[in-house]
Amino acid sequence: MQFHEQVPLAPYTTLGVGGPARWFAEAGSEDDVRQGLEFARERRLPVFVLGGGSNLLVADAGFSGLVLRVALRGVEQEGDVLHAAAGEDWDGLVARAVAANLAGLECLSGIPGTVGGTPVQNVGAYGQEVANTVADVRAIETSTGKPATFSSQECGFSYRRSRFNGPDAGKYILTNVSYKLRSGGSPELKYAELHRSMAEFTDPTLQQVRDTVRRIRQSKGMLLVQGDPDCHSAGSFFKNPVVDETVAARVAGKAAETSPSMPRYPDGDGRIKLSAAWLIEQAGIAKGFTMGHAGISSRHTLALINRGGATTAEIIALRDYIRAKVETRFGVPLEQEPVSLG
Ligand code: EPU
């Protein structure tokens, strides 16, 4: 395995901003991962694990440690379970599941990034979350290099959260994820917008759901398409805030004049998930808003974009501007969704 110095990280991210990694290496095997950890330990360097770079904001100054790009490959099917190496392209895995008539991932079509990132932030869209299908996760413990396996239960999943970005952040490097799917199962159409878009199909196939999800994502600039300026983003830049009924009612009251029907989704335990995109718009910031080389996608208010030549400082200035506006108008803090590095 080769260790490279001062490698620009921006090209490894979908947002395309940020400085270099002091050290950079690609791990094609579990042994490589261990070798990378050893290299970092000898030099007392922090390690950052890079997957598809689709949910990542790299600082302009870069990262002074070792960036380990997980490039482990391989997919195996065992009945209705797919075992996938962490470095596999996520959408390629979804395509494979759909082609094999395995249900459970079809609504997660068109999401950029790699397999290894999906349990970390419990990737979810259009009514599915990987928490529903992950059977187990294999990983290497960063401090010891020893293998570890976690059942779905042990992953501690909740909305955009798991032990791997929660209490155990940085403790493990994921190497393999197994998904338990439903052989010959019918597609899931729980998400209202997807349901509406599928109305023309009487008995939709997994492939039709996949195609429709990709079309919806593309219409929102959430599909990586060459030459589409709206897709130079890290997907949703903020989480949808989950609040209690009192806060939800207060927010609805404040926006009653401009938007009488506030989008709200029950999130269990009487909590309500609000739409961050809607909050931003109600705070007076519209799609297509620009600040220097940074901006908001012209098709989805939650996607901050690099309009070309942006710096991380510009993205952060825009982030803070949006947060302040929403906080002032509604008293609701917006939490950043992508991971910050450096
Ligand atoms: N909305 C707006 N303006 C917009 C977009 C949406 O007001 O520009 C409001 C509308 O009321 C709309 C509602 O928000 O009905 C929901 O919009 P959308 O279906 O686009 O979903 P979202 O809540 O904005 C979440 C995820 C996305 C995921 C979609 C679809 C988060 C932070 N984001 O977005 O995930 O693709 O649902 O399930 O939970 C990501 O995490 O990076 C991501 C793209």
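Both counts, for ligands and for their atoms, begin at 1 and track the order of listing.
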I need the atoms of ligand 1 closer than 4.0 Å to a non-hydrogen atom of [X], numbered in the order shown.
| X | result |
| --- | --- |
| Glu193 | 19 (O) |
| Glu337 | 41 (O), 42 (O) |
| Lys287 | 3 (N), 4 (C), 8 (O) |
| Leu302 | 24 (O) |
| Trp278 | 2 (C), 7 (O) |
| Gly235 | 42 (O) |
| Thr301 | 3 (N), 4 (C), 8 (O) |
| Met222 | 44 (C) |

Among [options], which one has a heavy atom closest to [atom]?
| atom | options | answer |
| --- | --- | --- |
| atom 11 (O) of ligand 1 | Ala276, Pro263, Gly110, Ala303 | Pro263 |
| atom 40 (C) of ligand 1 | Ser236, Ala234, Gly124, Cys107 | Ser236 |
| atom 15 (O) of ligand 1 | Phe238, Tyr265, Tyr191 | Tyr265 |

Salt-bridge criterion met for [X] and [Y] (N-O under 4.0 Å):
| X | Y | answer |
| --- | --- | --- |
| Arg22 | Glu5 | yes |
| Lys171 | Glu141 | no |
| Lys180 | Asp80 | yes |
| Glu335 | Lys239 | yes |
| Glu193 | Arg196 | no |
| Arg210 | Glu106 | no |

Table please: side-chain donor-acceptor pairs of residues 283-295 below 3.5 Å, with sequence neighbours left out.
| unit_1 | atom_1 | unit_2 | atom_2 | d |
| --- | --- | --- | --- | --- |
| Lys287 | NZ | Glu281 | OE2 | 3.2 |
| His293 | ND1 | Glu314 | OE1 | 3.3 |
| His293 | ND1 | Glu314 | OE2 | 3.0 |

Nearest protein heavy atom with distance in Å, relative to [atom]:
| atom | result |
| --- | --- |
| atom 6 (C) of ligand 1 | Ala277 CB, 3.7 Å |
| atom 14 (O) of ligand 1 | Ser275 OG, 2.9 Å |
| atom 25 (C) of ligand 1 | Asn240 ND2, 4.1 Å |
| atom 41 (O) of ligand 1 | Arg160 NH2, 2.9 Å |
| atom 4 (C) of ligand 1 | Glu281 OE2, 3.3 Å |
| atom 28 (C) of ligand 1 | Ala125 CB, 3.9 Å |

Problem - Any Lys220 heavy atom less than 4.0 Å to ligand 1 - result: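 Within the 4.0 Å threshold, so yes.
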Exercise for the section: For Tyr159 and ligand 1, answer yes if some heavy atom of the residue is under 4.0 Å from a ligand atom, otherwise no. Expected result: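 Yes, Tyr159 has heavy atoms under 4.0 Å from ligand 1.
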Problem - Residues in side-chain contact (heavy atoms from CB on, under 4.5 Å) contact with Asp203, at least two apart in sequence or another chain - result: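 Listed in chain order: nothing, the list is empty.
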Handout entry: Taking every non-hydrogen atom, the tightest pair across Trp90 and Leu108
Key =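 Result for this residue pair: NE1-O, 3.0 Å.
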Exercise for the section: Consider only side-chain N and O atoms of Asp136 and Thr149, and report whether a donor and an acceptor are under 3.5 Å apart. Expected result: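 Absent: no donor and acceptor within the cut-off.
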Exercise for the section: Go through the side-chain N and O atoms of Ser259 and Trp278 and say whether any donor and acceptor fall under 3.5 Å apart. Expected result: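 Present: a donor and an acceptor within the cut-off.
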Problem - Any N or O of Tyr126 closer than 3.5 Å to N or O of ligand 1 - result: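 Among all N and O atoms of Tyr126, at least one is under 3.5 Å from an N or O of ligand 1.
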Problem - Pair Phe3 + Phe39: ring centers closer than 6.0 Å - result: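 Yes, the ring centres sit under 6.0 Å apart.
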